[in-house]
Q: 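Let me begin by handing over the structure; questions about it come next.
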Amino acid sequence: MTVLVLDLLSWAAILGGLFFMLTGTVGVLRMPDLFTRLHAAGITDTAGAGLLIAGMCLQAGSGLLVLRLLLVYGFLFFTSPIAAHALARAGLAGGAEPVGPSRRRGPGPRQGAR
Amino acid sequence: MDDCPILRVGAKIMIPTILLFGLYVQFHGEYGPGGGFQAGVIVTSAFILYALIYGLDSTRRVIPPFVPRAAAVLGVLIFAGTGLASLLAGGRFLDYDVFAGSPQKGQHWGIFTVELGVFVAVFGVMLGVFYAFVGRGRPQ
Amino acid sequence: MSADLALPLALAVPLAAAALVGLAGRRPNLREGLTLAGSGLLAAVVMGSLLPAVLAGERPEWTLLETMPALALRLRLEPLGMIFATVAALLWPVNSLYSVGYMRGNREGHQTRFYVFFALALSAAMGVALAGNLLTLFVFYEALTLSTYPLVTHRGTPEAMRAGRVYLGVLLATSIGLFLLAIAWTWAVAGTLAFAEGGILRGRLGGGAVGVLLALYIFGIGKAALMPLHRWLPAAMVAPVPVSALLHAVAVVKAGVFAIVKVLVYVFGLDLLRSEPSARWLLYVAGFTTITASVIALRTLQRGGNLKRMLAYSTVSQLSYVVLAAAILAPLSAVGAALHIVAHAFGKITLFFAAGSIYTAAGKTEIGELAGIGRRMPWTMGAFAVGALSMIGLPPAAGFVSKWYILLAAFEAEALVAVVVLAASTLLNAAYFVPIVYTAFFADGPARAGAPPASSAAAHGEAPWPIVLATSATAALTLAFFVWPELPLALALQLAGGSG
Amino acid sequence: MREHLPVLQVVLPLVAALLAALTRRPGRAWALALTAAWLVLAIAIGLLLQVLGEGVTSYHLGGWEPPYGIEYRVDLLNAFVLLIVSAMAAAVVPFARTSVAREIAPERIPLFYSALLLCLAGLLGIAVTGDLFNVFVFLEISSLSAYSLVALGSDRRALTAAYRYLIMGSVGATFVMIAIGLLYAMTGTLNMMDLAARLPAVAATRTVPVAFAFLTVGVGLKLALFPLHLWLPNAYTYAPSAVSAFIASTATKVAIYMLLRFFFTVFGAAFSFDVMQLDWILTPLALFAIVLASLAALHQEDGKRLLAYSSVAQIGYIVLGISLASVLGVAAGILHVFNHALMKGALFMTMGCVMYAVGSVKVSAMAGLGRLMPLTMAAFVAAGLSLVGVPLTVGFISKWYLVQAALERGAWPLALAVLLGSVIAAAYVWKVVEAAYFRPPPAGSETREAPLGLLVPTWALVAANLYFGIDARWTAGMAVRAAEAVLGVGR
Amino acid sequence: MRLLGLYNYWIVVGLMMIGFYTMISRGNLVKKLIGLTVFQTSAMILYISVGKVRGGTAPILLDRADVLYSNPLPSVLILTAIVVGVATLAVGLALVVRIHEAYGTIEEDDIHVQDDAP
Amino acid sequence: MFAVAAVGILVSMTLALARAFLGPTVYDRILAANTFGTKTVVLLAAIGFLTGRPDWIDLSLIYALINFIGTIAALKLFEFGTLAHTRGRDRE
Amino acid sequence: METAIDVTLLALLGLTGIALLRVYNLVTAAMLLAIYSLLCASLFTTLDAVDVAFTEAAVGAGVSTVLLLGTLALVGREEKRPLKRQALPLIMVVVTGAALVYGIADIPPFGAPDNPAQQHVAPVYLQESEAATGIPNVVTSVLTSYRGYDTLGEVTVIFTAAVGVLLLLATGRGRGRGPDDG
């Protein structure tokens, strides 16, 4: 019984996680500029990975394993926003321009950053 | 990135965790993936992260440049010394059986010291190489 | 002194002389004295100790060292080697005497270097003469090449350097590329390199391989100046006269023909060569070289060209006599070959000495300038005439004896080619030597030729006394050989007896 | 301790390298290197005697039986190669003291000796091991240290030369690695003897020949076998003098050893030469190497570069000997390994002397050196004669054997080619000799003879050239016995 | 079918060749090293593929008896090979840095031009 | 269930890879690499469960860590042109 | 299932490789190389070589990337586009590749348990190593004990690399502070 419930729960978590991950990635692919892509990527890293790992936690069975899974998540939880933050800063400093209502494509002013 | 509090705070939390994780990898290597080499790399990357965020000079203050060099030598020496010790104890080179009463125990100790040697050497080498690269061409 | 011990001594004396001369470089008189003393000592060793022993039928031996398994550096003296050694040992003192006069008379530079390498070359030549196996022969052959190079390029002018490069290039290339290969092949076939009576290849090699191996030897021994590998010899004419004398008479080309005769007699064995049609080509190449070189010499004369150049081609032609003689492959012809080595040595050294004498005294090098010079320098040109006679092969000079034996052998072996070649070349030789002698004595001097400035023409008389003395001595030797040929003949007949 | 000689042979220089990296005083590092090099030589001699006395020595590292553990296996061939390598090291290290002091900044010298010792340890490790993958590991140790040693040359082209060496060397090493992987996939073992026993069963597949080809190409790259030699000339030219002398006389030699080991021990002569028709590939390559590289050497204006091309040609001789696949041919190859090490070591050392005294090794810069540096140039002449193959020098001995081996096969064109190479060698050696002896020194030149610290090792090698040229019974006998051992003939 | 079963190897060969090609066709010294790394890494996959047993698991022993393990030996070898690779890369990059300091460029063509000029 | 997860993650990895190829700026590529790394972390965890040996979660951990350091290093390179230099003075 | 993951990863690897070949920005190449390493590591995991995966991730994606970036900081980030395409490299690659393909066609089937590699030496490790060393991770016990000498060589290799890098790059600054002889 509990097994079934656990299974169902983890199915739900994993499917949810996958959903976030896929949409996030699609966002990364489809969004127009760096900053919006960053936003999409954030979803992948936090919600997507979080739910997936949660699903795994439910299947883990041993405490140590759960602990390590949580550690992984904690790690992602820390590093991902920091990296995103740094990326945004660097991008801004390096000249990647946000795309406003008038959508402008192509590389930023920093020539040759391709 | 030194003036970015988010990074600095994040690093402050992460670096000890990484070091701890490195030690875990070092000692858990007999039961799971990992070992001296991986642990050495992980611990080095903690210091690389430190250098990236707090600057090379700060890192050099934490670990002076002669330390990596000495550690590299020391690590290999531990390894080779283990081998030589096994010679002196009457076995073949790197034959750990002779280190303790039973071969199994001897192997355990031998592998332990050897992994330690690998760890120290890798740490020293990687950090030394990092210093050498990053220290090159500095504006000062 | 035991003859066995005299063998290494014959090598060591010139070496020691070289060392001492080098040390005494600062004091010319001491230096030249040492050279003369060394040469005299060598002559004494060879004539006094070795010659009687060999004549008595001994074959002195001495092992220098063993280099590879079953391959040693050994000395072993037999009649042919004895002949060569005697010639070299006899002519070195004379040449030294001449050198003193020549080098001082012409104020040549680097005299110490000259004497040192001269002595080294002599040591190497002795080694060639005494060699007991092919390896030893090869070693000293190369040593001879290397030690004579500084002599050839003595003047250091660009022309001399170019000549030196040709000299070294031809000799090294042929010896390493072909001679060594031939030696290696011999070793592979026979398993030994030691010279032995009757040859070491008999019964082990046959068919076309004999001809090929023979070619490797003949052309590998570039010092014999067989066409087409003769170029180095005229090129080396840039060297001072004593060096030319060394090259032509004492050591170098003699080492070449000596090595060829030695190989024919002691490696192949005349029997093997006689029985093998593939070896017949040698006769033709030798004959061709004889005639062609004579023709070139004649053309040099007609153009009034360089005297030494003409003499060089004369040497090429004369050397081929030796090869030709050996190629007749009769026992008697080997005698002729051996004798011709001696005869040509005496005659040619006389000619060169005379040429050098003319250069020293009158500063002339071209044939066209020689008209009337015989009256100013009677001794020199007299000697020249004797040498010319020997070259042509007329009595009372040495050349007659050797040519006689060669001709005899040719008839005996019914080698018609050889007879024809001998006859033709005798005529050619006469055609280019007689006019020189004639104009030197009987034509009018510079007055009619008109070209050279009067001052130099009038000023010169005979050359310095050491030169005249040496030239006369060799001329006398040439004549003496005709009168008393017994000694070389005895040795040569031993050779024939041994191989026959 | 006697039974541990094989492993001490490698570990000793390794430990010395570690200690040398710690010290900061050039003198101490040098003393360490010297001690290590001479001890290593002593061990090599001991090992050779041991092998001569007791036959093949096998040492199980870690006490594990092969093929489960790594085995050190010393037969006459490796014992001989070990002797060559350690003898050259023992000669180069004394030379290095003075030479390196002039060419390398003092603060780098301790690390320089460390790298040199590591290179030595790597080379010895390759030569002594009986395990395929262990070969790869030690190959990398020696190569990596060699790259950095080459890069220490004072000319900036040393850097590009080292880079090219690194790229080509790594390609070679990776090829070797791929080949080892394929062999492992086919047999499941890495031990050479075990492999030799298990390979015939799978020799008919397509994989083994391909592994063979990769191994040959990979080792050929390290060996500078003719078309794969492109890294060598610059590396030898611009490396510090002591490094040129060391690498030229050891690194390619060990590669030759690998080739012999793979061809004859692992794959077996029957497979290598009958199935793979190796001789049809190696012989032409060797001939090209001999002729073309010699000709290239003739056109060089830089003394070290000239010698470098000459090395390519000499490697051609060695490979030619191997490609004959007979006892005499392989013996000739082994003999030339020894002899070439002696002569090239000596020649590069004289170049080091010239570099020290003149600051350049251009042929034009050597004008008149015969008078200014008589001892150095006399050494060059003596070793040069050896290179040409003049009798009474070692060069003659190996060429003699090579020609004999060719004639034994009836391949007299090969013999002719060997001698042709000698003739060209005479020409390029002459080029230097002529500059040194027959051209006047530049006016006002203050060049002096090189110091004793350089001359003594140089002349020691020259003396060895002459000694083993005059009395070649020992070396030739060793080479023949080693060839018999590796071919599995006789004894 | 048998050849299809070797899909792992085929792709590995392709990867190796990509690396090899990058290495020998590119003039940029860093790019060459990147190619070398790809080349070496791909060769490592070859080894690991050899050691894989279908249905097996990593050779870290479990308490159960009926487990099929993959081959540990290729892993051991490749651990060493990875280290070799990074060591080569480090030395190569150090060389590149020095070359850049000496020549001001890391393009092979430009270096050749500078070297050929006297 | 982990198979599904793995497949989903693989798909999303492919998409991220596409962004890495497309760029256009180097920041986009770094972003792509970073997010790619995150997915790898999760993929590894999934594979661990899939093969029945979830203990290798350590692998995921190290991936996450390495990924972070790589990103920071790349960014630092772009912001300062060197990995060593820091704005102002180094702090303790 | 594993096969599917395997194939996908290999395909991604191929894509990354091609991308690596085609980009001219070196930082991008470095990032792609990091991705390549991560993919390799994932592949190693699916091929049951977890230790290798661990190391590859740490070294390939970590240290190598940092070193590459550190170098790029010093030498510039753009690659010059080649002016002409040479045929020789392509020929070499095709020949090498063809040889490999030819050779691999006869290699024992992928993953079969009865391959020689699985039959000869490895079983001994799997069966006996735990008893001999008391360590369940066979890779570790083989690495440090059976083939411990290789590992000593491996450590020496990186030590050599350190010596090489220091020889080439050490600036002399900050090196005088240490004790004289360590």
Side-chain angles (χ1 to χ4, degrees), chain E residues 2-3 5-9 11 13-15 17-22 24-25 27-28 30-31 34 37-38 41 45 48-54 56-61 68-76 78-80 82-84 86-87 89-91 93-98 100 106-107, chain G residues 10 13-14 17-18 20-21 26 29 33 36 40 43-44 47-52 55-56 59-60 63-64 67 71 74-75 79-80 82 89 92-93 96-97 100-101 104-105 107 109-111 113 117-118 121-122 125-126 130 136-139 142-143 147 150 154 157-158 161 164-165 168-169:
Chain E
R2 186 186 129 66
L3 292 186
L6 297 170
Y7 61 90
N8 225 334
Y9 296 112
I11 298 177
V13 171
L15 289 174
M17 290 311 113
I18 288 174
F20 192 36
Y21 183 72
T22 313
I24 59 180
S25 70
N28 185 292
V30 174
K31 198 58 177 286
I34 291 176
T37 309
V38 172
T41 313
I45 306 179
I48 298 297
S49 304
V50 169
K52 166 75 180 171
V53 175
R54 211 182 289 266
T57 181
I60 298 172
L61 301 182
L68 194 57
Y69 296 105
S70 282
N71 192 337
L73 192 50
S75 300
V76 172
I78 289 316
L79 280 174
T80 307
I82 289 176
V83 176
V84 167
V86 73
L89 183 71
V91 174
L93 288 176
L95 273 171
V96 171
V97 169
R98 286 289 304 278
H100 185 261
I106 51 165
E107 295 289 336
Chain G
L10 280 168
L13 269 174
I18 292 167
L20 257 174
L21 188 59
L26 292 172
L33 192 64
Y36 190 89
C40 267
L43 189 66
F44 290 149
L47 293 177
D48 298 338
V50 274
D51 280 277
V52 179
T55 315
E56 175 64 30
V59 169
V63 176
S64 293
L67 286 184
T71 307
L74 300 174
V75 302
E79 183 186 357
K80 212 169 82 177
M92 280 168 67
V93 167
T96 317
L100 267 179
V101 167
I104 278 177
I107 213 166
F110 173 68
Q118 269 64 265
V121 174
Y125 293 145
L126 290 170
E130 190 166 18
N137 186 346
V138 185
V139 175
V142 174
L143 187 76
R147 297 188 70 88
D150 257 358
E154 161 194 330
V157 167
I158 51 161
V165 169
L168 287 165
L169 294 185

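Residue numbers start from 1 in every chain, and the chains themselves are labelled A, B, ... in the order their sequence lines are given, proteins ahead of strands.
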Q: Working to the nearest 0.5 Å, report the span between CD1 of E:I82 and CG of G:D51.
A: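 If we round to the nearest 0.5 Å, E:I82:CD1 and G:D51:CG are 10.0 Å apart.
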Q: Does any heavy atom of chain E fall under 4.5 Å from the side chain of G:V63, the backbone, both, or neither of them?
A: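 Interface part for G:V63: side chain.
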Q: Please state whether the side chain, the backbone, both or neither of G:L33 comes within less than 4.5 Å of a heavy atom of chain E.
A: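 The side chain, not the backbone.
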Q: Would you name the heavy atoms of G:V139 and E:P59 that are closest together and state the gap between them?
A: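 Shortest heavy-atom contact: CG2-CG, 3.7 Å.
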Q: Any idea which of E:G27, E:G14, E:G56 has the most non-hydrogen atom pairs under 4.5 angstrom with chain G?
A: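 Highest number of heavy-atom pairs under 4.5 Å: E:G56.
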Q: Measuring from G:L168:CG to E:L95:CG, what's the distance to the nearest 0.5 Å?
A: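 Taking CG in G:L168 and CG in E:L95, the distance rounds to 5.0 Å.
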Q: What do the steps show when you test E:V38 against G:Y36 for side chain to side chain contact (heavy atoms under 4.5 Å, CB included), and what is the final call?
A: CA-CA 8 Å; E:V38 172; G:Y36 190 89; 3.5 Å; yes
Q: So do G:D48 and E:V53 actually touch side chain to side chain, heavy atoms under 4.5 Å?
A: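 SC-SC contact between E:V53 and G:D48 ruled out.
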Q: Give the intermediate values and the outcome of side chain to side chain contact (heavy atoms under 4.5 Å, CB included) for residues E:V84 and G:E154.
A: CA-CA 7 Å; E:V84 167; G:E154 161 194 330; over 6 Å; no
Q: Enter the distance from G:I104:CD1 to E:Y9:OH here, rounded to the nearest 0.5 Å.
A: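 Here the rounded value is 7.5 Å.
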Q: If we define contacts as heavy-atom pairs under 4.5 Å, which of E:L73, E:I48, E:V13 has the most with chain G?
A: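 Of E:L73, E:I48, E:V13, E:I48 has the most heavy-atom pairs under 4.5 Å with chain G.
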Q: Among the options E:T57, E:L68, E:V50, pick out the one with the most heavy-atom pairs lying under 4.5 Å from chain G.
A: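 If we count pairs closer than 4.5 Å to chain G, E:T57 comes out on top.
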Q: Could you pull out the closest heavy-atom pair between E:T41 and G:E56, with the gap in Å?
A: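 Of all heavy-atom pairs spanning E:T41 and G:E56, the closest is CG2-OE2, 3.9 Å.
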Q: Of the backbone (N, CA, C, O) and the side chain (C-beta and beyond), which part of G:L47 lies under 4.5 Å from a heavy atom of chain E, both, or neither?
A: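 Contact with chain E is through both the backbone and side chain of G:L47.
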Q: Going by side chain to side chain contact (heavy atoms under 4.5 Å, CB included), G:S64 matches just one of E:I34, E:L93, E:V86. Which one?
A: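 The residue from E:I34, E:L93, E:V86 that satisfies side chain to side chain contact (heavy atoms under 4.5 Å, CB included) with G:S64 turns out to be E:V86.
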Q: Any chance you could measure E:I45, atom CD1, to G:L43, atom CG, to the nearest 0.5 Å?
A: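 So the gap between those two atoms works out to 5.5 Å.
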Q: Kindly compute the distance separating CZ (E:F20) from OG1 (G:T96), expressed to the nearest 0.5 Å.
A: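 Going from CZ on E:F20 over to OG1 on G:T96, the span is 4.5 Å.
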Q: In sequence, state the C-alpha distance, the side-chain angles, and the governing distance for G:I18 and E:I18, and then conclude on side chain to side chain contact (heavy atoms under 4.5 Å, CB included).
A: CA-CA 7 Å; G:I18 292 167; E:I18 288 174; 3.8 Å; yes
Q: Are the side chain of G:D150 and the backbone N or O of E:T80 linked by a donor-acceptor pair below 3.5 Å?
A: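 Pair absent, no side-chain N/O of G:D150 close to backbone of E:T80.
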Q: Is it true that G:E79 and E:K31 make a salt bridge, defined as a side-chain N closer than 4.0 Å to a carboxylate O?
A: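 The answer is yes: the pair qualifies as a salt bridge.
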Q: Side chain to side chain contact (heavy atoms under 4.5 Å, CB included), that's the test. Do G:L20 and E:T22 meet it? Break it down for me.
A: CA-CA 8 Å; G:L20 257 174; E:T22 313; 5.9 Å; no
Q: As an exercise, state the distance from SG of G:C40 to CD1 of E:I78, rounded to the nearest 0.5 Å.
A: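 That separation rounds to 11.0 Å.
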Q: Heavy-atom pairs under 4.5 Å with chain E: which of G:L21, G:T55, G:L67 has the most?
A: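 It is G:L21.
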